[in-house]
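Indexing begins at 1, ligand by ligand and atom by atom, following the structure's order. Quick caveat, the model's predicted, so the values are computed rather than measured.
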Amino acid sequence: MGTILVTGSLGQIGTELVTLISQKYGKSRIIASDVRVPEHDVFSGVETIKLDVSDSTAVHSAIRDNSITEIFHMAGILSALGERNPDLAFRVNALGTFNVLEAGIKEGVNKVVIPSTIGVFGPETPKDNVPVVTVTRPTTMYGVTKVTAELLSSYYRRKFGLDVRGVRYPGIISYKTPPSAGTTDYAVDMYYHAVAGKKYTCYLKQDTVLPMMYMPDALDSLIKIYEAPANKLRYTIEYNLSAFSFDPMTLHKSISKIIPDFRVDYKPDYRQEIADTWPRTLDTRAAVEDWGFSPRYDLDSMSRDMVKNLREMHVSV
Ligand SMILES: NC(=O)c1ccc[n+]([C@@H]2O[C@H](COP(=O)([O-])OP(=O)(O)OC[C@H]3O[C@@H](n4cnc5c(N)ncnc54)[C@H](O)[C@@H]3O)[C@@H](O)[C@H]2O)c1
């Protein structure tokens with residue numbers, strides 16, 4: 001058993017992933033890294049290091065010096081932030097992934113797990129029941145860099161035999177970290193406002209349907225694909241994932257079943273343009289067939305769990 005490096009470990013997904021895998025595989029096997037330095041011992045006892053994935057030398061050294069055998073590459077610049085900072089998105093998402101793959105082969109890493117995204121789709125992609133192999137011509141810098149990451153991953157697997165695997169995440173909803181810079185983060189923000197007793201102004205139109213998933217199912221999926229036998233995987237990091245699709249109005253209705261006086265109004269901004277290029281629903285059969293994708297939460301059970309946990313955290317906005 002070797003050592004697992006997590007990049008971007010202070011992000012929405014990385015934070016919860018480190019906690020989960022340190023419980024599952026042992027704290028001493030995990031090294032949590034991020035370009036930011038944590039303010040306190042966030043992972044209680046897990047070793048943390050500062051690592052900028054856009055710095056090739058630093059990525060090689062981190063892998064070599066810590067005898068890393070496996071990597072969860074979670075560092076990234078999400079869609080809304082990427083549109084405001086395209087150069088940063090390119091350096092982190094495209095160059096950073098190249099650095100991790102290149103160091104992976106040079107430093108003898110056994111396995112690399114990389115999340116892709118529904119951001120790889122674009123206006124020419126079909127809107128419903130989108131298959132794994134389809135038109136991927138995104139119009140956002142986030143999408144451009146994540147298609148690059150998909151193609152690089154497949155190339156390194158085919159050309160060098162590097163075991164790279166991963167999923168195309170939809171919008172991920174969770175309560176442990178505040179909403180960040182993704183286009184689907186309105187959903188997280190809506191729960192925060194509802195529990196804080198505030199009205200929410202949504203930056204997407206009320207009928208914008210997007211694929212989504214609750215964090216426990218997102219983590220469970222990543223562990224499933226990480227542990228899957230390599231010979232079962234037809235695809236590299238292109239497995240479509242989605243537990244359900246909804247629009248802001250439907251989410252509002254689901255939350256209102258628990259918090260009846262919660263109010264939402266709509267003021268679409270530049271993120272509407274990003275959302276308009278993404279599909280409404282995805283075909284997830286390849287993930288089901290190849291490694292047993294099986295989400296447990298539907299919209300209302302997610303709403304009940306989100307509200308319960310945010311109430312316990314006494315969140316304010
Ligand atoms: N959250 C979602 O809804 C979602 C959906 C689809 C795909 N994804 C993918 O999952 C991955 C993780 O997303 P997330 O939601 O946790 O994002 P996040 O923005 O919450 O976290 C990303 C982390 O990466 C770190 N980071 C930024 N630049 C870095 C650099 N140069 N070197 C090292 N670390 C750096 C940030 O400090 C942050 O902690 C990304 O690849 C993203 O594309 C996320």
Side-chain angles (χ1 to χ4, degrees), residues 5-19 31-39 42-43 48-59 62 71-82 84-85 87-100 103 112-121 138 140-150 152-153 166-189 210-215 217-219 221-222 237-243 271 274-275 278-279 282:
L5 174 72
V6 181
T7 71
S9 66
L10 297 177
Q12 184 195 12
I13 304 174
T15 307
E16 298 204 35
L17 179 70
V18 170
T19 306
I31 296 190
S33 72
D34 202 287
V35 72
R36 294 182 284 145
V37 178
E39 280 161 23
V42 262
F43 302 121
T48 57
I49 59 170
K50 186 170 191 260
L51 177 61
D52 177 351
V53 296
S54 67
D55 179 344
S56 162
T57 310
V59 174
I71 302 174
F72 282 89
H73 177 42
M74 311 307 290
I77 300 297
L78 298 191
S79 54
L81 182 59
R84 294 200 307 272
N85 299 276
D87 58 337
L88 178 67
F90 183 82
R91 275 184 278 120
V92 178
N93 298 350
L95 195 58
T97 301
F98 171 76
N99 290 338
V100 166
V112 184
V113 180
I114 304 180
S116 187
T117 161
I118 56 166
V120 299
F121 301 123
T140 63
M141 190 55 161
Y142 179 61
V144 168
T145 59
K146 296 298 274 190
V147 171
T148 306
E150 286 194 354
L152 284 170
S153 298
V167 297
R168 277 183 191 143
Y169 274 140
I172 307 294
I173 294 159
S174 70
Y175 58 86
K176 286 192 183 152
T177 52
S180 67
T183 300
T184 53
D185 277 333
Y186 84 82
V188 180
D189 219 9
L210 291 169
M212 301 276 189
M213 176 179 226
Y214 195 31
M215 182 64 91
D217 286 328
L219 293 174
S221 306
L222 213 60
I237 66 167
E238 305 92 348
Y239 283 96
N240 284 346
L241 290 195
S242 160
R271 288 167 281 197
I274 301 177
W278 291 350
L282 307 180

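The shortest N or O to N or O distance between Val53 and ligand 1 is below 3.5 Å. Of the polar atoms of Ser116, none of the N or O atoms is found under 3.5 Å from an N or O of ligand 1, judged by distance alone. For a threshold of 3.5 Å applied to N or O pairs, the pair formed by Ile77 and ligand 1 contains no separation below that value. Considering backbone and side-chain N/O atoms, Thr117 never comes within less than 3.5 Å of an N/O atom of ligand 1. The N/O atoms of Val92, backbone and side chain alike, include none that comes under 3.5 Å of an N/O atom in ligand 1. Of the N or O atoms in Leu78, none lie within a sub-3.5 Å distance of an N or O in ligand 1. The shortest N or O to N or O distance between Arg36 and ligand 1 is below 3.5 Å. Of the N or O atoms in Tyr169, none lie within a sub-3.5 Å distance of an N or O in ligand 1. Polar contact with ligand 1: absent for His73 (N/O pair, distance under 3.5 Å).
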- request: Run the numbers on Thr148 and Thr97 for side-chain contact (heavy atoms from CB on, under 4.5 Å), then give the verdict.
  value: CA-CA 9 Å; Thr148 306; Thr97 301; over 6 Å; no
message: Is there a side-chain contact (heavy atoms from CB on, under 4.5 Å) between Leu51 and Leu5? Walk through the geometry before answering.
response: CA-CA 10 Å; Leu51 177 61; Leu5 174 72; 4.1 Å; yes
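Phe43 places a side-chain heavy atom less than 4.5 Å from the side chain of Leu10. Counting heavy atoms from C-beta on, the side chains of Ser79 and Thr140 never come closer than 4.5 Å.
Side-chain contact annotation: Thr15 with Thr177, donor-acceptor N/O pair under 3.5 Å absent.
For the residue pair Pro170 and Pro211, the shortest heavy atom distance occurs at CB-O, 3.2 Å. Contact detail for Val59 and Asp52: the closest heavy-atom pair is CG2-O, 4.0 Å. A pairwise comparison of heavy atoms in Val120 and Pro138 identifies O-CD, 3.4 Å as the closest pair. Taking both residues in full, the closest heavy atoms of Ser221 and Met213 are given as OG-CE, 3.7 Å, listed atom of the first, atom of the second, then distance. Summarising the geometry of Asp185 relative to Gln12, their closest heavy-atom pair is OD1-OE1, 4.4 Å, with the distance given to 0.1 Å. Of all heavy-atom pairs between Ile77 and Tyr142, the closest is O-CD1, 3.1 Å.
No more than 12 heavy atoms of other residues, nucleotides or ligands shown are found within 6.0 angstrom of CZ on Phe90.
The nearest heavy-atom contact from the protein to atom 21 (O) of ligand 1 is Gly11 CA, 3.1 Å. At the shortest separation from atom 16 (O) of ligand 1 among protein heavy atoms lies Ile13 N, 2.9 Å. Annotation: atom 20 (O) of ligand 1 to nearest protein heavy atom, Gln12 N, 2.8 Å. At the top of the distance list for atom 43 (O) of ligand 1, counting protein heavy atoms only, stands Tyr142 OH, 2.6 Å. When hydrogens are left out, the protein atom nearest atom 3 (O) of ligand 1 is Ile172 N, 2.9 Å; that is the closest non-hydrogen contact. Here the protein heavy atom with the shortest distance to atom 41 (O) of ligand 1 is Lys146 NZ, 2.7 Å. Remark: minimum distance from atom 36 (C) of ligand 1 to any protein heavy atom is reached at Asp34 OD1, 3.6 Å.
With atom 27 (C) of ligand 1 as the reference point, the heavy atom nearest to it among Gly76, Ala218, Pro115 is part of Gly76. Across the listed options Ile173, Thr7, Leu51, Leu51 owns the non-hydrogen atom lying nearest to atom 33 (C) of ligand 1. The heavy atom nearest to atom 31 (N) of ligand 1, considering only Asp52, Val37, Leu10, Val35, is found in Asp52.
By the 4.0 Å heavy-atom criterion, Pro170 is counted among the residues contacting ligand 1.
For ligand 1 and Met74, the ligand atoms under 4.0 Å from any heavy atom of the residue are 11 (C), 12 (C), 40 (C).
At a heavy-atom distance under 4.0 Å, no atom of Arg91 approaches ligand 1.
Rounded to the nearest 0.5 Å, atoms OG1 (Thr184) and CD1 (Ile173) are 7.0 Å apart.
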